[in-house]
Amino acid sequence: ALWKKSRLQWSCHLVIRTQSISREFRVFKLLIYFVLAVFFVVSILNFIFGLLVHFFDYSQSLLWHILTPYVVGVCLTIIILSTLKKLWLYRKGGKAIASYLKARPLERIKGVPEEILALELNTEIAEECGVSPAALYVFSDEPGINALTVGFHLSDVSIILTWGALQSMDRNELKGILAYEYQKIITEDYIENTQLDILFSGLLAVSEWGSHLLVKGTDKQVMTSSLK
């Protein structure tokens, strides 16, 4: 019996150690992907500006030109500041993230039958998984069927459901989607998803700034043309 107990403890220790190494590898891989994505975004923007510079000055290289330091500096500044901003907003964990994403918390007292059912299933699945129930939120204006798990620690993890999922799914279907989110909680995949959201928010910021400047320039050109 003592031998079996020691063997079980060793097996558990091995599983925990394997999961820890796997998480560390996923974080490292995530950082590599992020660095590569930043490199490609900056390179593409630098090449586009290089085409413009080369059009006016044939002596300028497409890959390294007079605007390259400014393009690289501005892009990296936007990416770093946007990433730090998202990290600051997400620092308090799953509930803070859900509130930032404008999700509404589910409450038994004020909830409609669909929301109460989700809360009951949430408690039931958490007990089956042997973990504390996650905080439940809903995207009230989202008709699609989807779910999202956010947070950094088991104590602050939150599950966000869409209103379409609550309204369209029956008990078994809703239990299935919640069980899938709890699988992410047990394997801690939700942490990686949250980190991914933070890291790549900087890249999205570059795209948003570009779209904003493009729309602003187009509106200004249309206004000038209408005045003429």
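Values below: every heavy atom of this structure, side chains too, minus hydrogens, waters and symmetry copies.
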Using a 4.5 Å cut-off on heavy atoms from C-beta on, say whether the side chain of [Y] contacts that of [X].
X: Leu45; Y: Val72; result: no
X: Thr83; Y: Lys86; result: no
X: Thr149; Y: Ile160; result: no
X: Leu178; Y: Leu136; result: yes
X: Ile191; Y: Thr194; result: no
X: Phe200; Y: Val38; result: no
X: Val150; Y: Val157; result: no

(message) Which residues pass the salt bridge (Lys or Arg N to Asp or Glu O under 4.0 Å) test with Lys184, not counting sequence neighbours?
(response) Glu181
(message) So, using salt bridge (Lys or Arg N to Asp or Glu O under 4.0 Å) as the criterion, who are the partners of Asp156 when residues are at least two apart?
(response)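 If we apply the salt bridge (Lys or Arg N to Asp or Glu O under 4.0 Å) test to Asp156, skipping adjacent residues, there are no hits.
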Determine the minimum heavy-atom distance between [X] and [Y], stating which atoms define it.
X: Gly94; Y: Ser158; result: C-OG, 3.3 Å
X: Ile125; Y: Lys175; result: CD1-O, 3.5 Å
X: Gly111; Y: Ile116; result: O-CD1, 3.7 Å
X: Ser132; Y: Ala126; result: C-CB, 4.1 Å
X: Tyr182; Y: Cys129; result: CB-SG, 4.1 Å
X: Ala118; Y: Leu166; result: CB-CD2, 3.6 Å

(message) Looking at Phe152, I'd like to know if its CZ atom is crowded, meaning that more than 12 non-hydrogen atoms belonging to other residues, nucleotides or ligands lie closer than 6.0 Å.
(response)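 Atom CZ in Phe152 is crowded, with more than 12 foreign heavy atoms closer than 6.0 Å.
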To the nearest 0.5 Å, what is the distance between [atom1] on [X] and [atom2] on [Y]?
X: Asn172; Y: Ile177; atom1: CG; atom2: CD1; result: 13.5 Å
X: Thr123; Y: Glu127; atom1: OG1; atom2: CD; result: 6.5 Å
X: Leu148; Y: Leu101; atom1: CG; atom2: CG; result: 7.0 Å
X: Leu161; Y: Asn146; atom1: CG; atom2: CG; result: 9.5 Å

(message) By the salt bridge (charged side-chain N to carboxylate O under 4.0 Å, His left out) test, which pairs, at least two apart or in different chains, include something from residues 106-122?
(response) Arg104-Glu115
(request) List for me each residue that meets side-chain hydrogen bond (donor to acceptor under 3.5 Å, both in side chains) alongside Asp189, sequence neighbours excluded, and say none if there are none. (result)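 Asp189 satisfies side-chain hydrogen bond (donor to acceptor under 3.5 Å, both in side chains) with Thr187 only.
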(request) Tell me, please, which residues at least two apart from Ser59 pass side-chain hydrogen bond (donor to acceptor under 3.5 Å, both in side chains). (result)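 Residues passing side-chain hydrogen bond (donor to acceptor under 3.5 Å, both in side chains) with Ser59: Asp57.
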Who are the side-chain contact (heavy atoms from CB on, under 4.5 Å) partners of [X], not counting sequence neighbours?
X: Ala96; answer: Lys92
X: Phe47; answer: Leu51, Leu62, Leu63
X: Ala165; answer: Ile145, Thr162, Met169

Please, which pairs that meet ring pair (Phe, Tyr, Trp, His ring centres under 6.0 Å) have at least one residue in [range], sequence neighbours excluded?
range: residues 110-143; value: none
range: residues 87-136; value: Tyr90-Tyr100
range: residues 53-85; value: His54-Tyr58

With clusters defined by side-chain heavy atoms of hydrophobic residues (ILVMFWY) lying less than 4.5 Å apart, directly or transitively, does [Y] cluster with [X]?
X: Ile97; Y: Leu154; value: no
X: Val131; Y: Leu121; value: yes
X: Tyr180; Y: Leu119; value: no
X: Leu81; Y: Ile79; value: no
X: Tyr33; Y: Leu87; value: no

(request) Start with the C-alpha distance between Val71 and Ile48, add both sets of side-chain angles, then the distance that settles side-chain contact (heavy atoms from CB on, under 4.5 Å), and finish with yes or no. (result) CA-CA 10 Å; Val71 173; Ile48 293 173; over 6 Å; no
(request) List, by chain and number, the other hydrophobic cluster members for Leu84, where Ile, Leu, Val, Met, Phe, Trp and Tyr join if side-chain heavy atoms come within less than 4.5 Å, directly or indirectly. (result)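 So far as hydrophobic clustering goes, Leu84 is joined with Ile80.
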(request) Using a strict 4.0 Å threshold on nitrogen-to-oxygen distance, state whether Lys102 and Glu142 make a salt bridge. (result) no
